[in-house]
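Atoms considered below: every heavy atom in the structure, side chains included; atoms not considered: hydrogens, waters and symmetry mates.
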Amino acid sequence: MKIEFDEGVASLQLLDVSVTDAHDLYNNLTNGNGYPPLGVPPVAPVPAKVSFDIKWSGITESAKIVNIMQHFRGQFVKTGATIDWSAQSANFAFQSEVPNPARNLYSVIGHEQNGVFFHLEKDD
């Protein structure tokens with residue numbers, strides 16, 4: 001992970017992260033038992049791997065939020081972003097389309113303090 005907050009640039013890349021493919025939400029929530037009332041058959045989870053490369057860049061807006069009563073402060077920048085994502089298991093593979101900044105709806109990079117990490121600053 002790399003972050004240059006003041007420039008609105010960040011990146012995160014993970015390769016071949018082991019996950020469990022549960023097939024669908026119901027099998028994920030029921031550990032492979034499906035959900036018979038809705039006709040969702042049981043499907044045993046299988047090992048899989050995912051990879052992704054996310055890049056944020058280009059500040060379009062910024063905001064500072066301070067809530068002293070809730071011990072929260074955040075500095076946020078709205079940016080553009082792209083993601084390249086893939087997944088594979090023994091009998092399934094998926095590759096996202098080529099990253100396209102025009103398909104991004106909303107991306108934010110932020111720095112926040114809350115709870116015991118919150119402290120007043122001179123401009124609060």
Side-chain angles (χ1 to χ4, degrees):
M1 176 177 245
K2 183 178 177 181
I3 301 171
E4 298 291 338
F5 184 78
D6 292 336
E7 284 80 36
V9 175
S11 64
L12 175 63
Q13 184 180 49
L14 293 174
L15 298 172
D16 295 329
V17 177
S18 294
V19 297
T20 301
D21 179 2
H23 185 269
D24 55 62
L25 178 61
Y26 287 109
N27 277 289
N28 188 39
L29 295 173
T30 64
N31 198 29
N33 292 315
Y35 193 68
L38 290 180
V40 178
V43 177
V46 296
K49 292 190 183 281
V50 296
S51 298
F52 51 91
D53 185 9
I54 308 170
K55 294 180 176 134
W56 294 263
S57 65
I59 297 174
T60 58
E61 293 179 39
S62 63
K64 181 177 181 179
I65 300 169
V66 179
N67 186 319
I68 295 170
M69 296 297 290
Q70 293 187 358
H71 295 105
F72 177 87
R73 170 188 297 97
Q75 182 71 37
F76 303 95
V77 291
K78 184 176 175 184
T79 69
T82 60
I83 183 169
D84 188 15
W85 187 88
S86 65
Q88 63 183 13
S89 67
N91 50 6
F92 177 82
F94 175 82
Q95 174 66 49
S96 65
E97 64 184 22
V98 175
N100 179 353
R103 301 216 10 143
N104 180 50
L105 298 177
Y106 200 89
S107 301
V108 174
I109 302 170
H111 176 75
E112 68 178 66
Q113 299 171 340
N114 59 54
V116 298
F117 300 104
F118 175 82
H119 61 275
L120 288 174
E121 292 184 354
K122 61 185 172 193
D123 61 345
D124 289 337

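The nearest pair of heavy atoms linking Asn114 to Glu112 is ND2-OE2, 2.7 Å. Here the closest non-hydrogen pair linking Pro47 and Ser89 is O-CB, 3.5 Å.
The salt bridge (charged side-chain N to carboxylate O under 4.0 Å, His left out) analysis of residues 29-43, with sequence neighbours excluded, yields no pairs.
Looking at residues two or more places apart in sequence or on another chain, you find no side chain to side chain donor-acceptor pair (under 3.5 Å) involving Thr30. Every side chain to side chain contact (heavy atoms under 4.5 Å, CB included) that Leu25 has, sequence neighbours left out, goes to Leu29. With sequence neighbours excluded, no residue forms a side chain to side chain donor-acceptor pair (under 3.5 Å) with Asn33. Glu97 is linked by a side chain to side chain donor-acceptor pair (under 3.5 Å) to Arg103, counting only residues two or more places apart in sequence or in another chain. Under the rule for a ring pair (Phe, Tyr, Trp, His ring centres under 6.0 Å), the partners of His71 that lie at least two apart in sequence or sit in another chain are Phe118. Residues that satisfy the side chain to side chain donor-acceptor pair (under 3.5 Å) test with Asp24, not counting sequence neighbours, are Asn27. Applying the side chain to side chain contact (heavy atoms under 4.5 Å, CB included) test to Tyr35 and every residue at least two apart in sequence or in another chain returns Tyr26, Pro37, Leu38, Val40.
The neighbour count for Glu121 CD, taken as heavy atoms of other residues, nucleotides or ligands under 6.0 Å away, is above 12.
Val116 forms part of a hydrophobic cluster together with Phe117, judged by ILVMFWY side-chain heavy-atom separations under 4.5 Å.
Following chains of ILVMFWY side-chain contacts shorter than 4.5 Å, one can reach Ile109 starting from Met1, so the two form part of one hydrophobic cluster.
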Show which side-chain atoms of residues 78-87 pair as donor or acceptor with protein atoms under 3.5 Å away, not counting sequence neighbours.
unit_1, atom_1, unit_2, atom_2, d
Asp84, OD1, Gln95, NE2, 2.7
Asp84, OD1, Ser96, OG, 3.2

Please tabulate, for the side chains in residues 2-23, all donor-acceptor contacts under 3.5 angstrom to protein atoms that are two or more places apart in sequence or on a different chain.
unit_1, atom_1, unit_2, atom_2, d
Ser18, OG, Lys49, NZ, 3.3
Asp21, OD1, His23, N, 2.9

Show me the donor-acceptor pairs within less than 3.5 Å that the side chains of residues 52-59 make with the rest of the protein, sequence neighbours left out.
unit_1, atom_1, unit_2, atom_2, d
Asp53, OD2, Lys55, NZ, 3.3

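Atom CZ of Arg73 is separated from atom CD of Gln113 by 4.5 Å, given to the nearest 0.5 angstrom.
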